[in-house]
Amino acid sequence: MSSATPVERSGAPTAWHARPVEGVLDELDASADGLSSEEADRRLEEYGPNAIRGENDVSPFEIFVSQFQDVLIYLLVLAAVLSLAVGLLPGEDANVVDAALILVILFANGVFGFVQDYRAERSMQRLRELSSPAATVLRDGEKREIDATAVVPGDVVVLEQGDAVPADARLVDVTNLETAEAALTGESANVEKDAAPVDDGTPLAERRNMVYMNTNAVKGRARAVVVGTGMDTEVGAIATQMQAAEDGDTPFQGEVDELGRRIGIGVIGLISLVVLVQFLFTATDAISILLTAITLAVAAVPEGLPAVVTLTLALGSQKMVERNALVRRLPVVESLGSIDTILTDKTGTLTESQMTVQRVAFGDDVFDVTGAGLETDGEFQRDGEAVDPAMLEPVLRCGALCNNAEPAPDTEDREYFGDPTEVALLVSARKAGVEQAAERVREVPFSSDRKRMTVVVEATDSRVGAADTVEATDSRAGDGDDAYTAYMKGAPGTVLDRCDRVLVDGEERALTDADRDRVLERTESFASDALRVIGFARKRVTDPDADEDALEDDMVFLGLQGMLDPPRDEVPQAVADCRDAGIRVVMATGDNVETAKAIGAQVGFDPTGAMTGPEVEKLTDAELQDAVEEVEVFARVAPEHKVRILEALQANGHRVAMTGDGVNDAPGVRNADVGIAMGERGTDVTKEASDMILQDDNFATIRDAIAEGRGIFDNIRKFVNYLLSANAGEVLVVFVGVLVGSALYPSLFAGNTEALVLTPVMLLWINLVTDGFPALALGTDPKADDIMDRAPRGEDDPVIDRRMLLSIATIGAIMTVTGLALFFYALDVTRDLVVAQTLLFTLLVTIEMVRIHLIRSRYDLSPLSNPWLVAAVALSLALQLAVLYTPLREFFSVIAPTLEHWTWIGGAFIAFVALAVATETLVERTLAA
Ligand code: ADP
Ligand code: MG
């Protein structure tokens, strides 16, 4: 692997990692405060977008050309040319009209194929663009979230736990940053980073002061100045396309491809037989035989199927995006239809994630907090009486300082950046006039495993003002050596475990078992009112660099704040809908068990038997496998518990969709059958591991996506059924027609050089009007009304199940019987082959049009429910009439049917519909029995 930095490659050696930060900033003409927007725009112009150039971008022209790159098409063109060449022989007529028409129809078919492929490619492109990550940079001195592609050299990027590193960059300042670099170096352990220069010759994997594109920050935070973007990054240098489209073929596409191959082989076998019979028993000339054979192959081999499956999937995912579900891999659209269990978060997914502190426990008392949402005026009340908020200051100050949220600029503090839990704490502090001001020197970050967060701040700020500051109350506070205060917040139990003292009435004393019980009791009582409860603690610190465990121990417990996070309005209905659809919904939350049960009950979960993470830990795999079948609410779970729950469900044969947001959720999200990341709350790491991103974090969106997925599956089935039965019908009609014809009408058949049931041109035309507009329109068919009332599709349910095979076979047979009855009746009465051919030709086109609706009726869709389809059918029928009743007739060698002819067609048509409906019902009954 090359370890050259971009500038080295261009000749001027700049080992960014070996130089001090100032030197790097100078060299890049940048500052630690970031670039101005104008300068950034200029550099974007100069260096180009920050993207790895893909090799798999195909041009429309290539797509168009690929439509004709098919052996069958080559053969057909060859045959057409041959039939032209025949004209050169003395005494033979060139089949100019036929040959030209074949080419024209082929071209039209190619155009349809192109439209399908091109649309599919475009929607895939759009999806890829949508899922491209964002980056936080400093521009004009302010934090700004921009598209990662707009990052330029010299930009200062802000990295936080869970962010993807958008470009190669030199670290400027670092707080506990660790990155996962496996994607670049293959090294699976996380790498600790700092900003100090390292030796010039340090290999890539050990340059601790650099971060690289395609790696992730998994812990801590940092600022870094970008030294290389796009192809000028280490990833860019490794020519391999790291983010190459992972979408290979989806299972359906594989299945359909395989099927196409088999049908191809079968069809060629049949055609060989047709050729043999014609050759032996009729006087048809060799060229006509060849042309029919190849045309039949073109018509019958469903080479358009894979393209349409892709198109349907792509269009479906487009529809999902409109409903806020961004599909990152096409196969997911299929998997969604077979999901039978959803393992979901609570906070933000089932709830609004709009939190407001409603209660505070401090000292001996519990206080109610008034004021809704982010409103900062509100009061603190005890027993309904307003109190002076200053008396709550320690616990409120702890909430404000141990906090990474901040007011959004230019919103007059009506909006905030950051974790909703922390925003709520900021707002409650502001209600008491407590501000965020303090110099922070260290942070031990929050994670779902630790369930707590600690900061160390310079104590100077708390020295001023109120009497109950740390200074005045901490008995261990010395003579000014303790220049720092550590503030901790987290899940109450976790925080209590780290405390040995408690603050009561401004006095600090030892924390007794009775104190602990009281805190836990209060926590429970807050939680059973559906409040999310956070505990607070602090202590004086002399050495801010002490190791983590020592720093986070021997704390003074301050109190609790309970915040309400109301369930989203649409969630109870969505949960009920999923149940109706045979999908179990299971909650797994890091929150308190009482809170989880209370919220769960509000949105329709059964909270009885709720389990906690520690309880899950005690179970064996087998016990857990039993438990997950019963329990609907899991609380206090860490990400590794979630993974175990997921595995237990999967071991029981369930197909599970799982949601996740934090870094540690990534493994679970990756292993779930459908891994779902949160668009708003989710980290880049989890998003990258996911199959689907919920742009609005909303549970109801999962339901919508599943409904869409099921609808898409239906549409693919409809289409496959339609196309295959049409093809089967055509081949059978020609095959049986030739056999019967040679037996029944040897004179007519044997004496005619074009003794075919259908001419090549007719076959191609049928293929065009069926595969063309109606097929395109089927891809946009609406979902069945009952789509969320049926059970999920079984995992191994193929697209083409027994029922479909049976229906394809029977419909093919009925088409053959009614079609040939019409053909030979007409032949018998008129003794005119062209009349018989025309009528059969017309019958088949009309049958195809009604056949679509027969298939759709099974999904309870009325013939008029898809306007595109109505238009497509009308257009196909109009084109057929044009062929029959305009001068086009000459080209197609057909006659204009008379009224009498139409009554014959009508008779055969009615017979077809009656027989088709009857057998379908029969098939249905047989399979149901
Ligand atoms: P969830 O989001 O499912 O409620 P988390 O794993 O995010 O669960 O949080 C687990 C617990 O950690 C919460 O119930 C809360 O007590 C605590 N907690 C959540 N966010 C923070 C934070 N920013 N700082 C400290 N503690 C937190
Ligand atoms: Mg959370």
Side-chain angles (χ1 to χ4, degrees), residues 355-371 378-403 421-434 451-453 466 468-470 473 487-539 555-565 591-599 635-636:
M355 308 208 203
T356 313
V357 173
Q358 301 225 309
R359 248 180 268 171
V360 178
F362 182 60
D364 291 324
D365 298 306
V366 172
F367 303 83
D368 292 311
V369 188
T370 66
E379 48 185 36
F380 296 81
Q381 301 173 340
R382 184 171 43 195
D383 304 325
E385 298 279 328
V387 298
D388 177 5
M391 59 190 291
L392 293 167
E393 206 207 317
V395 67
L396 297 177
R397 179 180 296 281
C398 182
L401 293 184
C402 185
N403 197 319
T421 303
E422 299 192 334
V423 171
L425 296 175
L426 212 51
V427 169
S428 73
R430 288 181 151 207
K431 283 179 181 164
V434 174
K451 293 191 170 56
R452 61 173 185 269
M453 160 179 172
D468 56 2
T469 55
V470 182
T473 54
Y487 286 104
M488 173 192 282
K489 77 171 192 305
T494 317
V495 173
L496 264 186
D497 288 344
R498 293 273 153 184
C499 292
D500 61 0
R501 286 161 292 156
V502 59
L503 187 69
V504 183
D505 294 334
E507 295 286 330
E508 206 177 276
R509 59 168 170 76
L511 186 73
T512 63
D513 283 348
D515 292 327
R516 278 181 209 277
D517 289 346
R518 191 174 61 163
V519 171
L520 292 177
E521 241 166 61
R522 277 186 181 161
T523 304
E524 199 138 307
S525 107
F526 282 19
S528 52
D529 290 335
L531 299 184
R532 179 181 182 84
V533 197
I534 306 283
F536 301 86
R538 73 177 181 203
K539 75 170 177 184
M555 310 276 300
V556 183
F557 190 79
L558 298 175
L560 303 170
Q561 296 195 46
M563 54 193 78
L564 186 68
D565 180 17
D591 217 337
N592 184 290
V593 63
E594 294 302 328
T595 316
K597 279 158 77 172
I599 295 282
R636 272 286 169 263

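Heads up: numbering here begins at 1 and tracks the sequence.
- Heavy-atom neighbours of Asp365 CG from other residues, nucleotides or ligands within 6.0 Å: above the threshold of 12.
- Looking at Leu564 and Gln358, their side chains come closer than 4.5 Å, going by heavy atoms from C-beta outward.
- Although no hydrogens or angles enter the test, the distance criterion places a donor-acceptor pair under 3.5 Å between the side chain of Lys489 and the main chain of Cys402.
- A donor-acceptor contact shorter than 3.5 Å is absent between the side chain of Asp505 and the backbone of Glu507.
- For the pair Met563 and Leu425, the minimum side-chain heavy-atom distance is below 4.5 Å.
- The side chain to side chain donor-acceptor pair (under 3.5 Å) contacts involving residues 383-392 comprise nothing, where partners must be two or more places apart or lie in separate chains.
- No hydrogens or angles considered: a donor-acceptor pair under 3.5 Å links the side chains of Gln561 and Ser428.
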request  = Decide side-chain contact (heavy atoms from CB on, under 4.5 Å) for Tyr487 and Asn403; before the verdict, give the C-alpha distance in whole Å, the side-chain angles of both, and the deciding distance to 0.1 Å.
outcome  = CA-CA 10 Å; Tyr487 286 104; Asn403 197 319; over 6 Å; no

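- A donor-acceptor contact closer than 3.5 angstrom is absent between the side chains of Thr494 and Asp497.
- A salt bridge links Arg509 to Asp515: at least one charged side-chain nitrogen sits closer than 4.0 Å to a carboxylate oxygen.
- A side-chain donor-acceptor contact under 3.5 Å links Lys431 to the backbone of Thr370.
- A distance-only check finds no donor-acceptor pair linking the side chain of Thr595 to the backbone of Asp591 [under 3.5 Å].
- Taking 4.0 Å as the cut-off between side-chain N and carboxylate O, Asp565 and Arg532 do not count as a salt-bridged pair.
- Side-chain atoms of Leu503 and Pro394, non-hydrogen and from C-beta on, do get closer than 4.5 Å to each other.
- For the pair Arg359 and Phe526, the cation-pi criterion (under 6.0 Å, within 45° of the ring axis) is fulfilled.
- Counting heavy atoms from C-beta on, the side chains of Val387 and Phe367 come closer than 4.5 Å.
- Side-chain contact between Phe557 and Leu496 is present, with at least one heavy-atom pair separated by less than 4.5 Å.
- In this structure, the side chain of Arg516 does not engage the main chain of Leu511 through any donor-acceptor pair within 3.5 Å.
- Looking only at side-chain heavy atoms (C-beta outward), Arg430 and Leu396 stay at 4.5 Å or farther from each other.
- Between Leu531 and Val357 the shortest side-chain heavy-atom distance does not fall below 4.5 Å.
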